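Remember, predicted model here, so these are calculated numbers, not experimental data. Just follow the structure's listing: the first ligand is 1, and inside any ligand the first atom is 1.
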Amino acid sequence: MEVTVDVHTVHPSTSDRDAKYGTKTPLARGPYGSWCTPETSPIHHPLTQTNSNIETKTQLQDQKRFLEANSTVFPLQKVRLFSTSPPPDYISSIEDKKAITELKELKKNYITKTTSGDKPPPIQEEPDCEPEYPQSPIPASPTRYTKCKGFLLSTFCDPYMPIDPQGRLYIGWLCLVTFCYSYNAWGIALRSTFPYQTPENTPMWLAADYFSDLVYLLDVAFVKPRLMYLHEGFWVDDPVETRKNYKRKVQYKFDVISLTPLDVLYFYFGTQKAILRFPRLLKLQTFWEFNQAMDRVLASPYVVRIGKTLCYIFYLIHLNACAYYAMSDHIGLGSNGWVYDNEGIAYIRCFYFATKTATSIGKNPKPENTIEYLYMTAAWLMGVFVFALLIGQIRDIIATATRARTEYRKALDGCARYLRRLNLPAALQRRVTLWFNYTWSQQRCFDEAKILNWLPSNMKRDVALAVHMSTLSKVQLFRDCSDSLLRDLVLQLRPVSFLPGDLVVRSGDVGHQMYIIKTGECCVMSQDETEVLATLREGSVFGEISLLGIEGLRRRTATVRSRGYSSLFALSRSDLDAALEYHKEAAKVLRIRADQIIRENAARQTKQRLAALEARKSAELAKRQESALRRKSTVSGHSNATEGRRLRAPSATSKRRLSTVSEKKNPRARGYRTLASTCTGIRTPLPTIVFTAE
Ligand SMILES: Nc1ncnc2c1ncn2[C@@H]1O[C@@H]2COP(=O)(O)O[C@H]2[C@H]1O
């Protein structure tokens, strides 16, 4: 349906507006510099709600209502007025509207049928199609076998199966190709300059040559075209597509050129001309690819990186040695003091010469003619720039490999220096050093979070779970609650280490963190620290009572010390609160356990008090009995004296009377007595119960 709307946008004059609003509001002005109706031509502009047409909003709304009443949706934001044909957006929106109406009708029919008792029409099922699951980040394992004419064929050898570019078999193949490439790279230069290819050993050289050619050919024809590749985030394993993909690459062109059979010219030049095989050197990309693959799969990629740099250095020296021998041969072996004198093993002597010239300036045989000067200059320049670069690269690689250790040493040295400057006791300084050493041996880094910071949060969580899984699986709390609690908390856990005897939490302090024991043991001590109430082991949780604030307890209910060296995970109050907000069951478990600890601690305390009271009573009784005995024994001999003392000593009744009098004088004394008598009955908040994850 085509809709053409012809609207003259009317801008009220400033006076109209002012009359309406009663003020002179500073509004944006129209394109004509005034808010009056333009006389010359109508304004053509889209009906969007901007400052300039804010005045016409009511009119526009009227128009919209009118058009909607005529069952058309008029997209105010998109339609340009005075346009002869509606824009595509508009058409699509009309179509959308139709589709929505149809859908609504269908729904209405369906609902009326179900409510009227009719059986609703069966819902049309989608045609059978494979559900598409997310792909694995690594393509399917290449170690599958297929049967071919009775033989089990590895997928790698099956010409119709795609190859996983990260699979071991492919990396093995790359290794073989790289070996053949290295043979060509070293061999062609060597055989072209040194007299090592003789008519006797030529068949051997040729066999090696053609073997490497065969590997090159297989690589280009059967392996590379089957390599799976990533396209728009998906692994493509269709053979036609993989072949096309390979052919699109520059590498394909180089691979094909590297197979140029220039060796047919052997028929003309003779088999000695190994230089004719130089196109084989164009397969350099495979060498790089192999290095990258090794870098990915090896546990310590630094070895590969250093190995690659050393390869470059040796290869340059090799080329230098070949050039030196070729020049010496050209000038005449032993013809002057600079050239190779044809003594000893030619290659070793030339290699030595090349190494010396590339790495040192001076103390080399003096060149005697132009060509020798040119060679020496080139060799020195190569030594200064190329070798310096390569050796610098090795230094960087080693520095990267040992960066964490260097940072640790720096931190330790800095801290030790600081403590020494403050002249702190030697024992404390030694403790700090011990802490550094222990933490390093446990974590191999000081800031785990910093290392993982590059990863997306889900991956970070997976890594943290994998790293700490062995400990976290022992924590009863996580076993009793849903898995998502563990996933939510794992990134918030901060590893901390303690030395033997270190205080982890102190009774009476405000609690800010709770702890999970990763390794080692911690002792929950009695208030006076003379008794160990409980020994907590791997996977145990402590320090949660003051975080939960049960019965208003915000302070630590006990002192906990590390028994030996221990590694714990600390979880802050805010992180725990955030997690418990969404994991009510975990909050319940923690509360139940904390309640239990508090109750049992209180029971234990009461028992201890009663026992102490009992002991005091029996001690008093014994004392009284003893004094009575003593009195009996002396009564006969000193009856007069005793009688006098008895008269002087106040009786129990008079004593009581005395104390009442003093209480009356000092009401605080009575207060203390009342408190003491009630205290024996109340539960003390100090929990003293064995609380382990087991
Ligand atoms: N008797 C006990 N047995 C085991 N753990 C205890 C005992 N008493 C206290 N704790 C733990 O020691 C912690 C000390 O700090 P909180 O009070 O925060 O939480 C306490 C409990 O987790």
Quiz item: For ligand 1, is any non-hydrogen atom under 4.0 Å from V560's backbone (N, CA, C, O), its side chain (CB onward), both, or neither?
Solution: side chain
Self-check item: Those atoms of ligand 1 less than 4.0 Å from some heavy atom in A534
Solution: 3 (N), 4 (C)
Quiz item: For ligand 1, which atoms sit closer than 4.0 Å to a heavy atom of F542?
Solution: 22 (O)
Quiz item: Without hydrogens or angle criteria, can the side chains of Y438 and S567 be said to hold a donor-acceptor pair below 3.5 Å?
Solution: yes
Quiz item: What are the atoms of ligand 1, with element, lying closer than 4.0 Å to any heavy atom of S546?
Solution: 16 (P), 17 (O), 18 (O)
Quiz item: Relative to each other, are the rings of F569 and H468 parallel, tilted or perpendicular (30° and 60° limits)?
Solution: perpendicular
Quiz item: Based purely on interatomic distance, does G543 place a nitrogen or oxygen under 3.5 Å from a nitrogen or oxygen of ligand 1?
Solution: yes
Quiz prompt | Under-4.0 Å salt bridge between R599 and D595 | solution = no
Self-check item: Which segment of T557 sits under 4.0 Å of ligand 1 when only heavy atoms are counted
Solution: both
Quiz item: Does ligand 1 have any atom sitting under 4.0 Å from a heavy atom of G511?
Solution: no
Quiz item: If you draw a 6.0 Å radius around OH in Y312, do more than 12 non-hydrogen atoms from other residues or ligands fall strictly inside?
Solution: yes
Quiz prompt | Atom indices of ligand 1 within 4.0 angstrom of A558 heavy atoms, with elements | solution = 9 (C), 14 (C)
Exercise. Measure up the Y515 and F498 rings against each other and bin them: parallel (under 30°), tilted (30 to 60°), perpendicular (over 60°).
Key: perpendicular
Exercise. For E544, take its heavy atoms, then give the atoms of ligand 1 lying under 4.0 Å from any of them.
Key: 18 (O), 19 (O), 21 (C), 22 (O)
Quiz item: Partners of D396 by salt bridge (charged side-chain N to carboxylate O under 4.0 Å, His left out), sequence neighbours excluded?
Solution: none
Quiz prompt | Partners passing salt bridge (charged side-chain N to carboxylate O under 4.0 Å, His left out) against R487 (at least two apart in sequence or in another chain) | solution = D462
